[in-house]
Every structure is written in C-alpha cells, then in structure tokens.
2 protein chains.
Amino acid sequence: MRSRRIRGSAAAMVVAGVAFDGCASAWARWRPRVRRTAAIVAARAPVHTYGRSGPEPPTAVHCCSVPTLADVARLAGVGVGTASRAISGKGYVDPVTRDRVLVAARELGYRRNAAARALRERRSRAVGLLVPDLSNEFYTSAAEVLQAELDAAGFQLVVALTGADPADERHAWETMLDRQVDGVVHVPVDPAAPLPDGPPIVQLNRRSRRVSVPAIVSDDITGVRELTEQVLAAGHRDIVAIAGPPRLSTTRDRVEGYRRAVRKAGLGEPADVGRTGPDRARLISADLTTGGGRDAMHRLAADPPTAVVALSSRLLLGALKACAELGIPIPDELSVVGLGDPEWFAIWRPSITTFAPPLAEMGREAGKAILAAISADGAAERPARPHVLRLPGRLQLRESIQPPG
Amino acid sequence: MRSRRIRGSAAAMVVAGVAFDGCASAWARWRPRVRRTAAIVAARAPVHTYGRSGPEPPTAVHCCSVPTLADVARLAGVGVGTASRAISGKGYVDPVTRDRVLVAARELGYRRNAAARALRERRSRAVGLLVPDLSNEFYTSAAEVLQAELDAAGFQLVVALTGADPADERHAWETMLDRQVDGVVHVPVDPAAPLPDGPPIVQLNRRSRRVSVPAIVSDDITGVRELTEQVLAAGHRDIVAIAGPPRLSTTRDRVEGYRRAVRKAGLGEPADVGRTGPDRARLISADLTTGGGRDAMHRLAADPPTAVVALSSRLLLGALKACAELGIPIPDELSVVGLGDPEWFAIWRPSITTFAPPLAEMGREAGKAILAAISADGAAERPARPHVLRLPGRLQLRESIQPPG
DNA sequence: TTGAAAGCGTTACCAA
DNA sequence: TTGGTAACGCTTTCAA
C-alpha cells in the first residue's frame with residue numbers, strides 16, 4: 001500500500017526539502033507526516049544476469065519515506081524473506097543474491113527498523129541504566145564503560161534517573177518496564193525496595209537487601225581497610241571515619257573495612273563520636289553530600305582527631321571545606337584520606353591519599369553480566385545465592401597523611 | 001494463537017519460577033524462551049452487570065507470558081479497539097466500559113508494548129543524546145535535566161558516546177538512526193562533520209559549522225567578557241587566555257568574549273604568546289585536557305603574565321597543577337580565573353573566580369527544543385537561519401584574583 | 001536456495 | 001459508542 005514508483009532514470013539522485021507529490025497515497029495521508037527530508041532515490045540496478053526467470057528486476061526504485069525491507073527486496077529483485085536473510089546474515093542465501101541485496105540496501109540507505117525487529121523478535125536490544133543522578137563520577141565513569149560494552153554487543157543504553165526519592169525510583173522502573181528493555185543495570189537508591197519481576201537485573205556499586213540479583217561492587221572492605229592501615233601506619237591513634245547512611249551496602253562495606261583495620265591495630269571497635277580517650281577509632285554518619293561532610297567535620301572540631309577517613313569524595317570535599325573554615329591545616333594538624341578519585345584529588349594541596357574503586361572495570365563487568373543474563377534468558381534463573389562480584393580498587397598514596405603532632 | 005485459558009479459580013495468584021506446562025503452544029515453541037518468571041494470573045472479573053448483550057465476559061483470564069491488549073480486552077469483555085481507546089485515553093469510550101478495561105489492565109499487570117506502539121505510530125518516543133563522554137560535568141549536568149524534561153513528556157533518553165574520534169561519532173549516529181529515535185540532542189565532536197538526514201536535531205553546548213540546526217549554547221561571549229573584565233578591573237595589564245582548539249564554536253565564543261574585554265581595555269587584539277611589552281593580552285591554544293592546561297602554563301613560565309584566564313575547567317586544573325609544580329603562588333604572584341564551576345572550585349584555596357555556564361538551563365532548553373521539533377515534525381522545517389539560543393551564565397566572584405605585584 | 005505468508009502488539013479507520 | 005480489521009516492518013517457518 002505504500003507508495004513506490006518505478007522510474008526509468010538511471011542516475012541516483014537525492015532531492016531534499018519537500019515532500020514529493022507523487023508520493024501522496026492513502027497511507028501517506030494516514031499519518032500525514034511530511035518527512036523533513038524526503039529521500040528520493042532512483043538507483044541503477046546492479047548489472048547482473050539474473051538466474052531467476054520472471055520479470056526483470058526494476059532498474060530503479062523510487063521511494064518516499066524511509067526505505068523498508070520490501071523496497072530493498074524489490075530493488076534487488078528478490079523476495080523479502082531472501083532480503084531479510086541476506087541482511088541479517090542468518091539462513092541460506094546465495095552469495096551473488098546476497099551481494100545484490102546488500103548493494104540495493106546501500107543504494108537506498110536502508111536501515112532495519114528497530115521497532116519492527118523488537119516486536120518480532122521479542123527483544124528490544126536495549127538495556128536500562130537506573131542511577132540516582134549523573135552528577136556523580138561514580139555512576140558516570142561506570143556508565144561510560146558500560147555503554148561501550150553494550151554498544152559492542154549491539155545493545156543500546158537507556159538512562160533513567162532514580163533521584164534520591166523512592167517514588168522517583170519506582171517511576172524510573174516503570175519507564176524501563178514500559179520500554180521493555182532486555183535488561184537493567186541498577187544502582188539502588190532504596191536498598192529495601194523490592195525489585196520488579198521482569199527483565200534480568202544486575203546491580204552496580206550498591207546492592208539491595210534480601211534480593212537475589214547479581215551485583216558488581218568495589219571491594220571497599222579491603223580498600224578501606226588498607227586505606228585506614230596507611231593512616232594507622234603513620235602513627236595515628238585517634239582517628240575518625242565519616243561514613244554515609246548505614247542503610248547503604250557501600251557504607252556498610254566501607255565501615256567494615258575501617259573496623260577491621262582499627263581492630264587489628266588494637267583500637268577496639270569503632271564507636272560513636274562521643275567516645276574519649278587517648279587511643280580511639282570513632283565513626284560518624286552523615287549525608288552523602290558536601291554539606292554532610294562539612295557538618296560532620298564541624299561537629300568534630302570540639303574534640304578533633306589527628307586523622308580523618310572520609311568515606312566518599314563528597315564527604316571529603318565537605319570535610320576540606322570545614323577545615324578551611326576552621327583554619328585547620330592539612331596535613332600538619334590533621335591527616336585526611338578519601339575514597340574515590342576525582343581528577344582534583346591529585347592536584348589538591350596536599351594531594352589526597354585515597355582508595356579509588358575500579359569504576360571502569362565495574363562498568364565493564366556490569367555490562368558483561370547483564371549481557372550474559374540476557375542471553376542466558378530463562379536458562380539461568382536468578383541464583384539462590386546471588387553472585388556478588390567484588391572488584392579490587394587501587395590505593396593512591398599521596399601527601400595528605402602526616403604523622404600526628 | 002497465543003495460549004490463554006479460562007480458569008474457574010477466583011483468587012488472583014502468581015506462580016513464579018517455572019514455565020507453566022499448560023502454556024506450551026505452537027507459539028510458545030516458536031521462540032522457546034522460558035520466561036524467567038512466568039506471570040500466571042487468574043483474576044476475578046470486576047463485579048459489574050454488563051450493558052452489552054452477548055456472552056458473559058470471562059470471570060478469569062489465564063495468561064502466560066506478558067499480557068497483551070487482547071488479554072485485557074478479553075478479561076474486560078470488550079474488543080481490542082475499545083480497550084486500546086480506553087487505555088490510551090483517545091477516542092470515544094463509555095466511562096463505565098473504560099473503568100472495566102482499566103481494572104482488567106491493572107489486574108493483569110498490563111503494559112503497552114513499546115515496540116508495537118513505535119511500529120504502529122511511527123515514533124519511538126525515544127530521544128538520543130550524543131555526547132563525547134560522560135566524565136565531563138558539562139554534559140552530565142545538562143543531561144540530567146534533559147532526561148527529566150524528556151521523561152516528563154513520556155520520552156526516553158538513549159545515550160551514545162561519540163568519543164573524541166570522528167569515526168566514533170559516525171558510529172554513534174548509526175546506532176541512533178538504527179534505533180529510529182524521534183530526535184537527537186547532539187554535542188558535536190567534529191564541527192565540520194555533516195549531520196545526517198533523519199530525525200530533528202538540536203545541538204547542545206557546541207554547534208557544527210555550516211549546518212542549520214537549532215543550538216542551545218551558553219553565552220560564553222558575554223560570560224568570558226565579564227570574567228576578563230574582572231581581571232582587568234583588578235589592574236592586570238599583562239594577561240593570557242588559555243583556550244581550547246579554535247575549531248570548536250565554544251572556543252571561538254570564549255575567545256571572542258576575551259577579545260572584546262581586552263580591546264575595550266585598550267590592550268589591543270589578543271595575540272599569540274610570543275608578544276612582549278608592558279600591556280599585552282596574549283592567547284594560547286591547548287588541548288581541552290588537564291595535560292593541555294599544564295603544558296600551556298609551563299610554556300608561559302619563561303615569560304609569565306600576571307593573570308591567566310583558563311577557558312575550561314580542565315584547562316584550569318592543568319594550569320593549577322603546573323603552578324604547583326613551578327611553585328607559583330596563587331593569587332599572590334598569579335591571578336587565575338576559570339570557566340565552568342565544578343564543586344571543588346569553591347573549596348579550592350584560593351577559591352576560583354569563574355564563569356559558570358547555565359548547564360541545567362541548557363539541558364532544559366535542549367529538551368524543550370527537541371520536543372518542539374519532534375511535535376512540529378515536518379511542519380517546521382529546518383529554518384534557513386538556525387536558531388541559536390544563547391543562555392546567560394553566572395559569574396562567580398571568589399578569591400583567585402588579586403591586584404598584580 | 002528461494003518466495004509467500006503468518007504473526008509480533010498496537011493504533012486507527014470504518015461500518016454497525 | 002463499539003468491534004473488527006488492516007496495516008506498521010520485520011523474522012521465520014514451510015513448501016516449492
């Protein structure tokens with residue numbers, strides 16, 4: 001029903017800008033969308049002698065609108081089935097025929113319609129990424145690699161932001177499910193929220209509680225332990241960790257690493273800020289924001305430690321801000337270490353000793369994992385014991401640690 | 001042809017984990033994809049007396065796989081057309097009937113299939129975002145708002161990375177065109193590259209040359225002019241701007257702002273670094289990277305100015321690094337101002353005076369623009385004179401400027 | 001090796 | 001107001 005015309009003209013030509021009158025048909029009127037640039041192509045047919053009997057294939061196909069497989073098939077003088085096989089590369093097709101189809105496709109500027117393919121194949125070749133925001137280097141560094149990984153496999157990345165609010169997160173899930181993505185890479189905001197049934201899910205960086213989906217996380221336990229050990233090795237016996245909200249798995253891992261280090265060093269269990277005494281490892285919880293870190297540091301000012309372990313880059317930024325406000329020189333009066341490694345950490349004076357999670361590898365592994373889950377499909381069910389992949393990060397030893405006093 | 005069964009059971013139940021044998025049919029076999037979680041729902045029909053004659057609607061619909069509109073229609077006891085109208089909300093449908101459909105849809109957990117809709121409506125309700133990378137706060141800040149804007153309009157954001165390489169950029173375009181996105185928000189990498197015919201395009205931050213697509217950019221001309229005026233007002237008469245590659249429109253705008261300020265101040269035309277003399281405004285071009293800024297600063301060390309205008313946050317970072325290496329105290333010996341406003345600018349000592357482009361508004365306007373272009377469709381052609389929307393940014397006056405000497 | 005045809009789930013037309 | 005039906009463009013049988 002779509003309007004196509006055979007023209008005798010041999011040269012390929014492209015006329016841009018206006019809809020071509022001859023193309024008006026019942027279906028052109030159906031949704032009267034005038035293409036911004038009507039691709040009007042008259043193409044010479046390849047100079048073959050065709051093995052098939054029947055009418056000669058057209059020497060030109062004139063086609064408004066976006067060319068379809070049928071257009072290609074007509075130009076190549078084959079059936080749509082053959083054209084499909086030639087282009088997708090699966091199924092038998094004579095090499096000569098295939099070439100003819102491929103030439104025709106190129107000539108018309110044919111592109112397979114993703115929606116039709118998705119409908120027919122029951123897979124969208126799209127993967128959703130659910131992240132709280134894009135202003136966090138944690139997510140974007142990983143997302144960048146994830147996108148590359150997916151792209152290489154022919155999948156596309158659809159991004160939805162979950163914000164800080166569980167309602168936003170639910171909404172983001174809705175849009176993903178509506179879009180029928182084949183899989184979702186998920187950075188949970190609310191670790192207590194249930195995960196929807198539907199496409200395979202891989203969690204990134206953080207993980208939900210009581211849910212059996214694979215997760216790709218940084219080995220913060222080891223990382224923060226080693227980071228804290230650096231602080232302790234410099235001789236500090238009065239230290240504080242500023243951590244995020246305990247409901248996040250990342251916070252728990254980081255605190256656990258801190259705990260292991262201070263226990264081994266004989267500072268006992270990390271305890272709340274109130275604690276006093278010569279040897280002590282304290283712990284303070286804050287919002288994962290600059291303001292949170294700043295407030296925490298200000299609270300500490302009354303009874304300052306000799307070293308601070310800020311368990312996120314934003315917390316560190318806030319702590320540094322507070323130190324500037326309070327006139328506390330770093331590292332002379334206070335040693336400071338961080339987590340994450342934004343570019344400015346290395347340039348800061350003093351440069352910041354930190355544990356850098358392997359964000360790129362996390363993105364890459366998340367990509368591999370979700371692709372594996374997608375191709376496994378129903379075959380590999382959500383395992384009873386979810387696989388948590390802990391990737392080792394890197395300690396960046398710089399100048400922000402000095403011995404106390 | 002799809003397998004659905006009527007069951008007498010009244011209670012809604014969901015059986016998870018295994019494919020339900022009774023669901024095996026020709027089409028279940030067709031693509032033997034065992035759903036990870038088969039949603040098996042037996043739902044009580046709403047307790048209405050139906051106004052229609054004919055057979056009573058089923059009291060339950062048993063359906064494997066994802067429920068379709070036909071399932072909903074069957075459960076509600078209406079035709080698919082009616083169900084479609086009820087759910088989409090367009091077209092006539094009796095309120096009572098509509099409620100029945102809606103209840104049935106909820107009961108089954110129905111979701112409209114995006115692929116089918118896209119195929120039928122010839123629009124994917126997806127917008128592509130083509131950016132060089134995601135590690136740049138410029139793009140991500142804008143992308144975040146853009147996503148929100150699109151989401152509110154029922155569109156989804158598909159991200160592709162163009163990298164730094166024109167080949168990557170072409171590939172990214174391919175994936176977008178394949179996916180048949182309804183529009184593209186584009187940050188050009190290669191301003192000389194032609195834009196593909198196809199969906200409407202809005203450029204963000206930078207614009208291509210000789211191409212008539214609308215662009216949303218920061219008013220860097222004004223911003224950098226005012227920024228430079230601040231430097232000049234402090235008494236500096238020997239200043240240098242470190243700019244990016246001249247092929248980028250952003251570089252040209254920023255340099256233009258610099259030029260206007262220095263001309264008005266009687267420093268003449270900005271000239272290359274070689275220039276000597278007491279009153280001079282020099283200009284140096286660098287890669288838009290930390291390394292580029294660092295190298296530029298090192299080159300300046302032989303004949304240092306009293307103030308540096310770094311025309312990107314990365315260039316500034318590099319310049320700061322070089323100053324640390326060279327032992328140049330800021331702002332005492334060298335005033336430094338920047339462009340962009342990553343979080344650490346305000347915390348740095350001295351805090352960085354800078355021109356902050358309106359990234360959020362740019363994202364929002366890009367969203368509005370692409371949505372407008374999409375709904376206008378063919379109606380509003382690419383205008384002969386492309387509309388460039390220059391949004392004013394904000395000058396952040398901080399501590400990094402001191403009078404010279 | 002090929003072509004014809006069914007069908008993916010939806011929307012929109014049209015006749016009732 | 002409603003239901004039936006014909007596409008949308010593609011993949012995959014199935015018979016030739």
Side-chain angles (χ1 to χ4, degrees), chain A residues 1-2 25-33 50-54 63 65-74 76-98 100-101 110-125 178 180, chain B residues 1-2 25-33 50-54 63 65-74 76-98 100-101 110-125 178 180:
Chain A
M1 286 307 126
R2 299 172 71 255
S25 75
W27 279 106
R29 250 177 284 115
W30 157 51
R31 187 181 172 227
R33 127 165 128 148
Y50 300 102
R52 299 166 45 259
S53 61
C63 135
S65 174
V66 181
T68 73
L69 192 58
D71 297 319
V72 174
R74 193 155 335 148
V78 300
V80 283
T82 307
S84 173
R85 266 170 279 140
I87 282 167
S88 68
K90 31 188 175 186
Y92 298 111
V93 59
D94 185 278
V96 176
T97 313
R98 202 195 45 202
R100 217 163 64 225
V101 172
Y110 170 74
R111 318 203 76 91
R112 288 146 104 182
N113 181 311
R117 254 153 67 82
L119 179 57
R120 173 64 220 214
E121 293 188 300
R122 299 161 148 288
R123 49 152 42 190
S124 58
R125 292 167 195 275
D178 279 344
Q180 268 119 336
Chain B
M1 287 304 128
R2 299 172 71 256
S25 74
W27 280 106
R29 252 176 283 116
W30 158 52
R31 187 181 172 228
R33 126 165 129 150
Y50 299 102
R52 299 167 45 260
S53 61
C63 136
S65 173
V66 181
T68 73
L69 193 57
D71 297 318
V72 175
R74 192 153 339 147
V78 301
V80 283
T82 307
S84 174
R85 265 170 281 136
I87 284 167
S88 67
K90 33 187 173 184
Y92 299 111
V93 59
D94 186 280
V96 176
T97 312
R98 202 196 45 202
R100 218 163 64 225
V101 172
Y110 169 75
R111 318 200 77 92
R112 287 146 103 182
N113 182 312
R117 255 155 63 85
L119 179 57
R120 174 63 221 208
E121 292 188 300
R122 297 162 149 289
R123 52 160 28 196
S124 58
R125 291 166 195 275
D178 279 345
Q180 269 119 331

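Just so we're on the same page: letters track the sequence lines, and every chain starts at 1.
- Residue A:Arg111 is classed as a sugar-phosphate contact, given heavy-atom separations below 4.0 Å to backbone atoms only.
- Taking atom CZ of residue A:Arg120 and atom P of nucleotide C:dA5, one finds them 16 Å apart after rounding to whole Å.
- To the nearest angstrom, P of C:dG9 lies 14 Å from CD of A:Glu121.
- Between A:Thr82 and C:dG3 there is a side-chain N or O to OP1 or OP2 distance below 4.0 Å.
- To the nearest 0.5 Å, the span separating CZ on A:Arg117 from CG on B:Asp178 amounts to 8.0 Å.
- Residue contacts for B:Thr97: at a heavy-atom cut-off of 4.0 Å it reaches the sugar-phosphate backbone alone, with no base atom in range.
- The backbone N or O of B:Ser124 sits nowhere less than 3.5 Å from a side-chain atom of B:Gln180 that would complete a donor-acceptor pair.
- If you take CG on A:Asn113 and CZ on A:Arg120, they are separated by 14.5 Å, rounding to the nearest 0.5 Å.
- The CG atom of A:Asp178 sits 14 Å away from the C1' atom of C:dT10 (whole-angstrom rounding).
- Which of D:dT11, C:dT10, D:dG3 sits closest to the side chain of B:Asn113 comes down to C:dT10.
- Between A:Leu119 atom CG and C:dT10 atom C1' the separation is 8 Å, expressed in whole Å.
- A:Arg112 comes within contact range of the sugar-phosphate backbone alone, with a heavy-atom separation under 4.0 Å but no base atom that close.
- Taking all atoms of both residues into account, the shortest heavy-atom contact from A:Thr68 to A:Asp71 is N-OD2, 2.6 Å.
- The phosphate of D:dT11 (OP1 or OP2) has no side-chain N or O of A:Arg85 nearer than 4.0 angstrom.
- Two end axes, each from the C1' atoms of five base pairs, can be drawn for the helix from C:dT1-D:dA16 to C:dA16-D:dT1; they diverge by 50°, to 10 degrees.
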Side-chain donor-acceptor pairs of residues 79-90 of chain A under 3.5 Å, sequence neighbours excluded:
{"residue": "A:Arg85", "atom": "NE", "partner": "A:Gly81", "partner atom": "O", "Å": "3.4"}
{"residue": "A:Arg85", "atom": "NH1", "partner": "A:Tyr92", "partner atom": "O", "Å": "3.2"}
{"residue": "A:Ser88", "atom": "OG", "partner": "A:Ser84", "partner atom": "O", "Å": "3.0"}
{"residue": "A:Ser88", "atom": "OG", "partner": "A:Lys90", "partner atom": "N", "Å": "3.4"}

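- The shortest distance between the side-chain N/O atoms of B:Ser84 and the OP1/OP2 oxygens of C:dT10 is not below 4.0 Å.
- Considering only side-chain atoms of B:Tyr110, the nucleotide from D:dC8, C:dT10, C:dA12 that sits closest is C:dT10.
- Whole-Å rounding puts the B:Arg74 CZ to C:dG9 P distance at 11 Å.
- Listed nucleotides C:dT10, D:dT11, C:dC8 differ in distance to A:Arg122; the shortest reach to its side chain belongs to C:dC8.
- Rounded to a whole Å, the CZ atom of A:Arg123 is 12 Å from the P atom of D:dT11.
- Distance, A:Tyr92 OH to D:dA15 P: 17 Å, rounded to whole Å.
- Spacing between atom CZ of B:Arg98 and atom P of D:dT2 amounts to 11 Å, rounded to whole angstrom units.
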